[in-house]
Undergrad: 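Dropping the structure in here first, questions after.
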Amino acid sequence: MEIMQVMGSLVCTQRVAGFAHLNLRVLRTPKGKLSVACDPVGAAPGNWVFTASGSAARFATGKPDLFTDLTIAGIIDHWSPDG
Amino acid sequence: MEIMQVMGSLVCTQRVAGFAHLNLRVLRTPKGKLSVACDPVGAAPGNWVFTASGSAARFATGKPDLFTDLTIAGIIDHWSPDG
Amino acid sequence: MEIMQVMGSLVCTQRVAGFAHLNLRVLRTPKGKLSVACDPVGAAPGNWVFTASGSAARFATGKPDLFTDLTIAGIIDHWSPDG
Amino acid sequence: MEIMQVMGSLVCTQRVAGFAHLNLRVLRTPKGKLSVACDPVGAAPGNWVFTASGSAARFATGKPDLFTDLTIAGIIDHWSPDG
Amino acid sequence: MEIMQVMGSLVCTQRVAGFAHLNLRVLRTPKGKLSVACDPVGAAPGNWVFTASGSAARFATGKPDLFTDLTIAGIIDHWSPDG
């Protein structure tokens with residue numbers, strides 16, 4: 001899974017059916033690349049999240065018939081080097 | 001899903017069966033990389049779109065037996081930092 | 001799907017069963033990266049083609065039990081900015 | 001599979017159901033890119049591991065209904081050029 | 001499929017079940033990136049091979065329930081520009 005930051009929401013009036021009412025978020029990797037993800041957890045702009053891609057992205061929405069290839073799987077509280 | 005811009009249409013008289021009559025678009029990432037995608041939404045050159053890849057690309061066409069690995073999932077109106 | 005150019009053919013006497021008699025082509029991306037693809041359309045060296053990857057690559061061969069992850073899906077005649 | 005090093009653990013109180021009680025580790029590639037993986041083998045920070053991605057990542061957890069796209073598949077003792 | 005060179009073998013006493021007795025090889029891309037692959041063909045260090053990734057990697061082992069996402073599919077004898 002990848003670590004990304006939420007930038008904002010995506011507005012698309014003309015899109016394929018199959019995203020139901022899930023929100024679409026614009027995410028940014030640490031290197032600055034933008035991606036679009038479904039958001040079943042309710043992430044806010046500025047949040048750091050981790051994302052599931054591929055077929056896992058569909059399962060992670062709870063509705064495997066959605067068309068997403070990237071889904072926010074969780075909001076990161078923090079991570080520890082626990083060394 | 002990725003954010004890309006529509007550049008034009010692709011003409012291929014010699015291709016495998018299995019794309020039905022769907023249009024093939026040439027897309028460009030913000031970094032300039034070109035890709036080819038099926039277009040079930042009717043995007044026009046210059047439009048910014050978001051694309052579904054992998055197995056999601058087949059489902060997004062509405063015909064999962066197509067051979068695509070990239071499908072235009074929606075035309076972006078705008079995206080807001082909603083912060 | 002990606003846009004690539006056919007460089008030549010690959011000779012492998014020692015390989016896993018499961019590619020049947022399909023030709024294997026060496027392809028090059030515009031940036032110079034080499035890949036290997038199954039070729040069900042009969043592309044010639046120098047041709048620009050577009051390729052399907054992932055599970056779509058298997059379906060595109062017409063024999064989904066092949067082991068390929070990259071298949072030539074069509075030979076590009078040209079593409080137009082149609083703007 | 002990729003070779004990565006374990007950096008630490010990820011704490012996410014707000015996440016989708018579907019990761020059961022598996023630990024989430026933060027991994028780093030040799031080039032410094034961070035990723036998040038499920039850990040069914042009990043890797044410790046500093047360990048070099050190899051990871052399975054895609055649908056293989058779900059099978060490698062022993063619970064294919066998990067939502068992961070990256071799973072630690074083994075801890076590397078060493079590798080030998082055996083030439 | 002990708003073109004890579006075999007560097008050596010990987011020793012992992014602590015790993016998930018599901019790789020049976022297949023050898024694990026360390027491979028290097030022409031750009032120097034290291035990966036780990038299952039080897040059902042018996043490649044030797046120094047050999048140039050081509051690899052199948054994703055779900056094709058599992059099928060290429062002959063045991064689709066393995067957890068690999070990269071499998072050596074053949075040893076390259078040579079490739080010809082056949083122009």
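By convention in this document, chain letters (A, B, ...) are assigned in the order of the sequence lines, proteins followed by strands, and residues within each chain are numbered from 1.
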Undergrad: Go through the atoms of C:F59 and report whether side chain, backbone, both or neither lie under 4.5 Å from a heavy atom of chain B.
TA: both
Undergrad: Using a cut-off of under 4.5 Å for heavy-atom pairs, which of C:A57, C:G54, C:S55 has the most such pairs with chain B?
TA: C:S55
Undergrad: Where does C:T71 contact chain B at under 4.5 Å (heavy atoms): side chain, backbone, both or neither?
TA: neither
Undergrad: How long is the span from the CE atom in C:M1 to the OG atom in B:S53, to the nearest 0.5 Å?
TA: 11.5 Å
Undergrad: C:F50 vs B:L10, test: side-chain contact (heavy atoms from CB on, under 4.5 Å). Steps then yes/no.
TA: CA-CA 10 Å; C:F50 73 101; B:L10 194 72; 3.8 Å; yes
Undergrad: Considering only heavy atoms and a distance below 4.5 Å, find which of B:V16, B:L27, B:V11, B:V6 pairs most often with chain C.
TA: B:V11
Undergrad: Testing the basics here: between C:I76 and B:C12, what is the closest heavy-atom pair and its distance to 0.1 Å?
TA: CA-SG, 3.7 Å
Undergrad: B:L24 versus chain C, heavy atoms under 4.5 Å apart: side chain, backbone, both or neither?
TA: side chain
Undergrad: Minimum heavy-atom separation for C:E2 to B:L34, with atom names?
TA: OE1-O, 3.8 Å
Undergrad: When you measure from the side chain of C:D77 to the backbone N and O of B:T13, does any donor-acceptor pair fall under 3.5 Å?
TA: yes
Undergrad: Which heavy atom of B:F67 sits nearest to which heavy atom of C:A52, and what is that distance?
TA: O-CB, 3.5 Å
